[in-house]
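Report on the following structure.
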Amino acid sequence: MTDPINDHTTDSDHNSHQALDPKTLPNFDDMPNVALMDTSHVDKDQPPFILVDGSYYLFRTYHALPKTMQNSQGLITNAIRGTLNALLKLMRRYHPTHMAVCFDTKSPTFRHHMSSDYKAARPPIDVELVEQIPYIHRLVSALGIPLLRIEGAEADDIIGTLAYRAVEQGHHVVISTGDKDMMQLVNDGVILEDSFTGKITDTQAVIDKFGINPNQMIDFLTLMGDSSDGIKGVPGIGKKTAKDLLVEYGDIDNMLKHIGFIKGRGAKGLIEHADDIPFNRKLATIITNLEIGQDWNDLKINTDPCAHIEELRTLYTELEFRNELASLDHPNHPANGLQSVADSQANTESHAQVAKSLQSTNTDNMTGSNHQDKAWHTVLDEPAFDSLIEALEAAPHFVIDTETTSVHWREAQIVGLSFAVQAHEAYYIPLTHRLEGDELTAKQLDRDTVLARLKPILENPNIGKIGQHLKYDAHILAHYDIDLVGAIHEQPNNWAMDTMLASYVINAAATRHGMDDLARHYLQTQTISFEEVAGKGAKQVTFDQVAIDIASDYACEDADITYQLFDVFSVELANDANNAKLLHELEIPTAEILCQMEANGILIKRSFLNELSKRFDEEIVALEKRAYEVAGEEFNLGSPKQLGEMLFEKLGVPGGKKTKSGQYSTGEAVLSKIDHPLVDITLEYRGLSKLKSTYTDALDNVADAETDRVHTSYHQALTSTGRLSSTDPNLQNIPIRTATGRLIRQAFIAPEGRVILAADYSQIELRLMAHFSGDKNLTHAFNEGLDIHAATAAEVLGKDVADVTPTERRNAKAINFGLLYGMSAFGLAKQLQMSRGEAQDYIDMYFERYPGVKNYMINTRASAYEQGYVETILGRKLYTPDINHSNRMVKQGAERAAINAPLQGSAADLIKLAMIAVDNVLPKDQAKMLLQVHDELVFEVDADKVDAVSQLITDAMQDVLRTTAVDKGWHVDFAVPLLVETDSGQNWDEAH
DNA sequence: GCATCATCTTA
DNA sequence: GTAAGATGATGCG
């Protein structure tokens, strides 16, 4: 076999200056399609031939890495460093023998001659980048890597041509790039690797990302267009349509043959622009038959470490790349040098995302909206607003989304609104953008005028509102005196939907339920991330600082995606009536109530908290002092690591237990078994510093400065079981177990003339266990109103309830809780500090007396295996994806979760029903619902009305399965009574 | 500056 | 043994 890549040898110097005449078009008719090549002869045992898209790394790393990378001369070196790291990473990974780094040149190419638009939208290259380029060229040469720049040819085309020749000659190829256009070159012998992000793209990855084969990429780009390259695409066809058409018809030629069968705007665009297609196709095609000469020997890497070492030393010295310089002194251990480079690559990767946004923002800014095909509109004048209003009034339902200055609803200011009345069409009304130099800023419609005209529509219950996480939007609109109705208020006659809650109800475990996650999971679409438009970390700006054309794309996409999700979920829910009921009758009404509760907030007594804080602090300081005395030196008592070393090494206390990651375990369970003065001090110190940092100080910080109220946020689509969670601050883990901890609770108060009232379901999960298991002994105990733990002890030990000792009751309580958690003998033994055998005996005795409970455990496990899910009392399906996991530990964990899920999840269903039931009867002028803590509701009630209100609440909660549940179509014949206990007082502690 | 670990709080 | 969230310390870069 002859040399593979020498068809047109003209010059054997690999840094040669070949040139192509840009006026000569490539031969498109005869052009080989790399994606369709036969690769059966390719020898994958050899190192791959590496083709590096040097221009990509130049731009990518320049924009992504911090400009603070400079040498002492002020030369910015970020692109040099980034490109160098990419090259070294490739060499370390593949140990290639042949390689080429390709760069574009400044000369025009045939594409510029074909189209004046081609890359015309690109701004001039920054001077800070230009001055780095010579260094990069020199570095590549000094590393002994062939460098290719050919006048009149783009790096893409050189790579395409060499990739074709290499595969033809039996080499497999790694193209090092992040440019998606290159996907048209992927086949079973050619992969793409982005050494900056680490992403590898093979045939399957192309299919996963775009739903088409690599050989369809050219047609895909032709249809969709590429704004950054100035390829127009077909109007009316975007990513989704292009994919659908290609999946159905294979290629554009076949589409045009069957144009009569194609529907919608896509067909119109194809017919009207059929003539442009061959032209755009040529622009989108990477040339694979360039008339260039390249000898295989010229693409050999010079691996002799001494060949260019002086040049490298000079470069590294001038650039002040110290690690790289040091690596040169170990020529026999190139891995050392490469290793240190690999480390710094990891570093750059951590910075990679930082400026990703800047780069894409700039690109978007340059090219304007590239989504004409999607019919996304920015509403900037009265006529456009008028027609939008008309469309919204006429629609049975529409998507609304608010854009604001913050993810925290309490501080968010409205910036704009987006709407969608059908999929693929969306409108953005910018209101308060204020980016300096953005010419659209002055054209925005007036915020208050717009809101005033929208108010009647948004408050119209006959027009359904669709949204993603509507509770947030409802909060925002409430700020502007708009009560969002027809969406989170229950409106059975419209299509109101919250897509986040729909996804959660359908399958809580399938995905997280943020919009980006839903788009990925249900629409196979990657959305524009917020970070892409607003930046990340310290550089992030608020949405009002985003240019309006970029903001509009982002906001329109949100509304559009939400509408598409609505379509998907509408079908899903039509096929599962119970899921539809859970969404519309349980979750959406709950969201509405949560919205009010969050807005209400709970009053705290700041002076009391501050006093506590001071007191805790004094005690903490005293404890620290005593600890240092005992230890003989000062150390950080709050550091488990330092404490472990002090206790078990320096003080030689026995009982040091190792934990994974190697340090001593100093958890409460370990320490409490040790008799040592330092242990007592530590435990007290920890308790106090926990209370101070997590509660007294934190609550004071988050309380509203004017009203002294604390407003938590409830997350309704987060847990695997249906429970809520609470953040910023978490008001579901306020201390109660210790006397000192309860002091925190005393800071939650009612205002003058009112009291705090707490109502909680007694033993709700055990009652659910009684219901689900139907166990005679357990149901009997609840029906007789016995002390359930004492009754359990009596039953298991075969004695009278009156004779049960406190220890016996405590053990029974542990086993009862253990049941709810999918108990093992191991776990129970640890809890009760007994041997595993004793614990097992106890469990065996329990199951003998409560055979129904044993059956529940067996049946629930079986159901999880057979169906892949378990169900709550209202029929909520809780999926158990790990139930067949290959790892035994994971699998057993999934079994325990499956046993617990119906109990915890049903309790969550019931408290949500209870919230709805109570909300229906609560006299709003006398009482407000403030908090939900899983089985407890907390209210603020007029002091003189507390008895009556308490009775209303108790009745509503106890009767919920006979009243509200039945009204909504859930008929549950509950096996035991639901018992609610209430109490009230000046603060939350007294009310409990 | 950001992620992870260990710890502690709740139902 | 279930389900959560917040914190300070620590390590990474």
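Here is the naming used below: chain letters follow the sequence lines, and residue numbers restart at 1 for every chain.
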Using distance only, find each side-chain donor-acceptor pair of residues 875-882 of chain A under 3.5 Å and give its atom names and separation, not counting sequence neighbours.
{"from": "R876(A)", "atom 1": "NE", "to": "D909(A)", "atom 2": "OD1", "distance (Å)": "3.1"}
{"from": "R876(A)", "atom 1": "NH1", "to": "E587(A)", "atom 2": "OE2", "distance (Å)": "2.9"}
{"from": "R876(A)", "atom 1": "NH2", "to": "E587(A)", "atom 2": "OE2", "distance (Å)": "2.7"}
{"from": "R876(A)", "atom 1": "NH2", "to": "D909(A)", "atom 2": "OD1", "distance (Å)": "2.9"}
{"from": "K877(A)", "atom 1": "NZ", "to": "D576(A)", "atom 2": "OD2", "distance (Å)": "3.1"}
{"from": "T880(A)", "atom 1": "OG1", "to": "G868(A)", "atom 2": "O", "distance (Å)": "3.2"}

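- Distances shown here put every side-chain N or O of T712(A) at or beyond 4.0 Å from the OP1 or OP2 atom of dG5(C).
- Nucleic acid contact class of N733(A) (heavy atoms, under 4.0 Å, all strands): base.
- For Y821(A), whose side chain is taken as the heavy atoms from C-beta onward, the closest listed nucleotide among dG1(C), dA9(C), dT7(B) is dG1(C).
- A straight line from CD1 of I734(A) to P of dT9(B) spans 12 Å, rounded to a whole angstrom.
- Out of dA6(B), dA4(C), dT2(C), the shortest distance to the side chain of A897(A) is found at dT2(C).
- Between K830(A) and dG1(C) there is a side-chain polar atom (N or O) within less than 4.0 angstrom of OP1 or OP2.
- Taking every heavy atom of both residues into account, T666(A) and F648(A) meet most closely at CG2-CE1, 4.5 Å.
- In this structure E645(A) satisfies the salt bridge (charged side-chain N to carboxylate O under 4.0 Å, His left out) test together with K641(A), sequence neighbours excluded.
- Judged purely by distance below 3.5 Å, without hydrogens or angles, the side chains of S726(A) and Q732(A) never pair a donor atom with an acceptor atom.
- Between the side chains of Y865(A) and E895(A), at least one donor N or O sits under 3.5 Å from an acceptor N or O.
- Contact annotation: S665(A) does not reach the phosphate of dA6(B) (side-chain N/O to OP1 or OP2, under 4.0 Å).
- Taking side-chain N and O atoms only, Q642(A) has a distance below 4.0 Å to OP1 or OP2 of dT10(C).
- In this model, the phosphate group of dC8(B) is not approached by any side-chain N or O of R737(A) to a distance below 4.0 Å at OP1 or OP2.
- Between K471(A) and E598(A), at least one side-chain nitrogen of the basic residue sits less than 4.0 Å from a carboxylate oxygen of the acidic one, meeting the salt-bridge criterion.
- Dashed line: the shortest gap from a side-chain N or O of R896(A) to OP1 or OP2 of dT2(C) is under 4.0 Å.
- For the segment residues 683-698 of chain A, the set of residues with a heavy atom within less than 4.0 Å of an atom of DNA chain B comprises R686(A), K690(A), Y695(A), in numerical order.
- Using a 4.0 Å heavy-atom distance criterion, G638(A) is classed as a sugar-phosphate-only contact.
- Set against dA11(B), dA3(C), dG1(C), the side chain of T721(A) has dA3(C) as its closest nucleotide.
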